[in-house]
Amino acid sequence: MLKFLILAVLVLSVSALHFNLPENKQMCFVEELADHQMFAVLYHAKTTAIQGTDGHVNRLGGHIEIRDPDGKIIQKPRIEDHDRIVFTTSKEGRHQICFWADHHRFTKFLRQISIDFEFKYGADAIDYEAVAESQHFDELATSVYELHQHSEDILKEYTYLKHREKDWRATSDHTSSRVKFWLAFEIILMLGCTYIQIRHFKQFLRPFY
């Protein structure tokens, strides 16, 4: 059975990270993403041999599995020497990014994959050089396009935070109303118990008058 390790990364930006992925292992990361948010995984990978020599990753058949908050697979590409995986979310929530090493494809000497990677979000996930080449933008047009994308990012982030604040307020109001109801119930229950105790106490003392 594959041993499963999840590292929760609930931040808006992540600097380059590094880990070694041994055979018969997987490494997973969880990202809290907004709806319709562009997200990119950039990585460089190489195999590390027991005898100290390096090899190409594509010999091993490892792959990356990206799942949405419902557990549905969004992408499942093979791990290459380097790659850029980009997708746009269809709903907000926790997305899972897992790196797998297919242990049955490891040779006698290749035992782990060494991976350097980083996550990029929104406007930072766009490959502006590729856009400029495909759209025939000059340097100024590319800068304006990048500025426009970052402006849209700010607006989306504001909308997302406003939506989260609305949900938080609704949850707080609901919790507050339940606390008030329970407090009122306890007061009524306490007054009822006090009334019954006083009544029984009077009945107990009545023969002595």
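Small disclaimer: the values here were computed from a predicted structure and weren't measured.
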Visitor: Go through the structure and list residues passing side chain to side chain donor-acceptor pair (under 3.5 Å) with His148, not counting sequence neighbours.
Guide: Glu152

Visitor: Can you list the steps and then say if Arg78 with Ile64 is a side-chain contact (heavy atoms from CB on, under 4.5 Å)?
Guide: CA-CA 6 Å; Arg78 290 169 56 88; Ile64 301 173; over 6 Å; no

Visitor: Does Ser114 reach the main-chain N or O of Lys46 with its side chain, forming a donor-acceptor pair under 3.5 Å?
Guide: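 No, the answer is negative, given that no donor and acceptor are paired below the 3.5 Å cut-off.
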
Visitor: Sub-3.5 Å donor-acceptor pair from the side chain of Thr142 to the main-chain atoms of Ala132, do we have one?
Guide: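 Judged by distance alone, no pair lies under 3.5 Å.
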
Visitor: For a quick test of your reading: what N or O donor-acceptor pairs under 3.5 Å do the side chains of residues 182-201 make, sequence neighbours left out?
Guide:
{"unit_1": "Trp182", "atom_1": "NE1", "unit_2": "Glu186", "atom_2": "OE2", "d": "3.0"}
{"unit_1": "Thr194", "atom_1": "OG1", "unit_2": "Met190", "atom_2": "O", "d": "2.8"}

Visitor: With heavy-atom distances below 4.5 Å as the criterion, would you say the side chains of Lys25 and Pro22 are in contact?
Guide: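 Sidechains of Pro22 and Lys25: in contact.
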
Visitor: With Arg164, which residues qualify under side chain to side chain donor-acceptor pair (under 3.5 Å), at least two apart?
Guide: Tyr160

Visitor: Could you measure the distance from the CZ atom of Phe181 to the CZ atom of Arg178? Nearest 0.5 Å is fine.
Guide: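 These two atoms lie 9.5 Å from each other.
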
Visitor: Do Leu17 and Ile115 share a hydrophobic cluster (ILVMFWY, side-chain heavy atoms under 4.5 Å, transitive)?
Guide: yes

Visitor: Minimum heavy-atom separation for Ile79 and Trp100, please, with both atom names.
Guide: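 Minimum heavy-atom separation between Ile79 and Trp100: CD1-O, 3.5 Å.
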
Visitor: Can you find a heavy atom in the side chain of Pro69 that is under 4.5 Å from one in the side chain of His95?
Guide: yes

Visitor: Is it the case that over 12 heavy atoms from other parts of the model lie below 6.0 angstrom from the CD atom of Glu139?
Guide: no

Visitor: Side-chain contact test, heavy atoms from C-beta onward, threshold under 4.5 Å: evaluate it for Lys120 versus Leu42 and give yes or no.
Guide: yes

Visitor: Distance from Ile97 atom CD1 to Ile66 atom CD1, nearest 0.5 Å?
Guide: 6.0 Å

Visitor: Which residues pass the side chain to side chain donor-acceptor pair (under 3.5 Å) test with Lys91, not counting sequence neighbours?
Guide: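 Residues passing side chain to side chain donor-acceptor pair (under 3.5 Å) with Lys91: Asp70.
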
Visitor: Kindly give the heavy-atom pair with the smallest separation between Ile113 and Ala45, and that separation in Å.
Guide: CG2-CB, 4.0 Å

Visitor: With Asp116, which residues qualify under side chain to side chain donor-acceptor pair (under 3.5 Å), at least two apart?
Guide: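 Once residues adjacent in sequence are excluded, the partners of Asp116 under the side chain to side chain donor-acceptor pair (under 3.5 Å) criterion are His18.
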
Visitor: Side chain of Gln37, backbone of Asp153: donor and acceptor closer than 3.5 Å?
Guide: no

Visitor: Nearest 0.5 Å, please: how far is CG in Asp35 from OG1 in Thr159?
Guide: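 The CG atom of Asp35 is 11.5 Å from OG1 of Thr159, to the nearest 0.5 Å.
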
Visitor: Asp167: which residues meet the salt bridge (charged side-chain N to carboxylate O under 4.0 Å, His left out) condition with it, sequence neighbours left out?
Guide: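 For Asp167 there are no salt bridge (charged side-chain N to carboxylate O under 4.0 Å, His left out) partners, ignoring immediate neighbours.
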
Visitor: On a heavy-atom basis, which atom in Pro77 and which in Ile85 lie closest, and how many Å separate them?
Guide: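 What the structure gives for the nearest pair is CG-CD1, 3.5 Å.
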
Visitor: Quick one: pull up CZ in Arg169 and OG in Ser176 and give me the separation to the nearest 0.5 Å.
Guide: 12.5 Å

Visitor: Just to verify, what does Glu65 make a salt bridge (charged side-chain N to carboxylate O under 4.0 Å, His left out) with, not counting sequence neighbours?
Guide: Arg67, Lys76

Visitor: Walk me through it: do Phe39 and Val86 pass the test side-chain contact (heavy atoms from CB on, under 4.5 Å)?
Guide: CA-CA 6 Å; Phe39 180 75; Val86 182; over 6 Å; no

Visitor: With sequence neighbours excluded, what pairs up with His44 under the ring-ring contact (aromatic ring centres under 6.0 Å, His included) test?
Guide: His82

Visitor: Can you check side-chain contact (heavy atoms from CB on, under 4.5 Å) on Glu92 and Leu33, steps first, answer last?
Guide: CA-CA 6 Å; Glu92 81 174 66; Leu33 301 176; over 6 Å; no

Visitor: Checking Glu80 against Tyr43 for the side-chain contact (heavy atoms from CB on, under 4.5 Å) test, could you report, in this order, the C-alpha distance in whole Å, the side-chain angles of both residues, the deciding distance, and whether it holds?
Guide: CA-CA 9 Å; Glu80 303 293 344; Tyr43 71 88; 4.1 Å; yes

Visitor: Using ring-ring contact (aromatic ring centres under 6.0 Å, His included) as the criterion, list what pairs up with Phe99, not counting sequence neighbours.
Guide: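 By the ring-ring contact (aromatic ring centres under 6.0 Å, His included) rule, Phe99 matches Phe19, Phe117.
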
Visitor: Just checking, any donor-acceptor pair under 3.5 angstrom between side chains of Tyr121 and Glu31?
Guide: yes

Visitor: Among residues at least two apart in sequence or on other chains, which ones pass side chain to side chain contact (heavy atoms under 4.5 Å, CB included) with Asp173?
Guide: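 Listed in chain order: nothing, the list is empty.
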
Visitor: Could you list the donor-acceptor pairs under 3.5 angstrom formed by side chains in residues 123-130, with sequence neighbours left out?
Guide:
{"unit_1": "Asp124", "atom_1": "OD1", "unit_2": "His150", "atom_2": "NE2", "d": "3.2"}
{"unit_1": "Asp127", "atom_1": "OD1", "unit_2": "Glu129", "atom_2": "N", "d": "3.3"}
{"unit_1": "Asp127", "atom_1": "OD1", "unit_2": "Ala130", "atom_2": "N", "d": "3.4"}
{"unit_1": "Tyr128", "atom_1": "OH", "unit_2": "Ala123", "atom_2": "O", "d": "2.7"}

Visitor: Return the set of residues passing side chain to side chain contact (heavy atoms under 4.5 Å, CB included) with Thr175 (not counting sequence neighbours), or none when no residue passes.
Guide: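 Thr175: side chain to side chain contact (heavy atoms under 4.5 Å, CB included) contacts with Thr171, Val179.
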
Visitor: What's the separation between atom CD in Gln75 and atom CG in Asp68, rounded to the nearest 0.5 Å?
Guide: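 Interatomic distance, Gln75 CD to Asp68 CG, rounded to 0.5 Å: 12.0 Å.
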
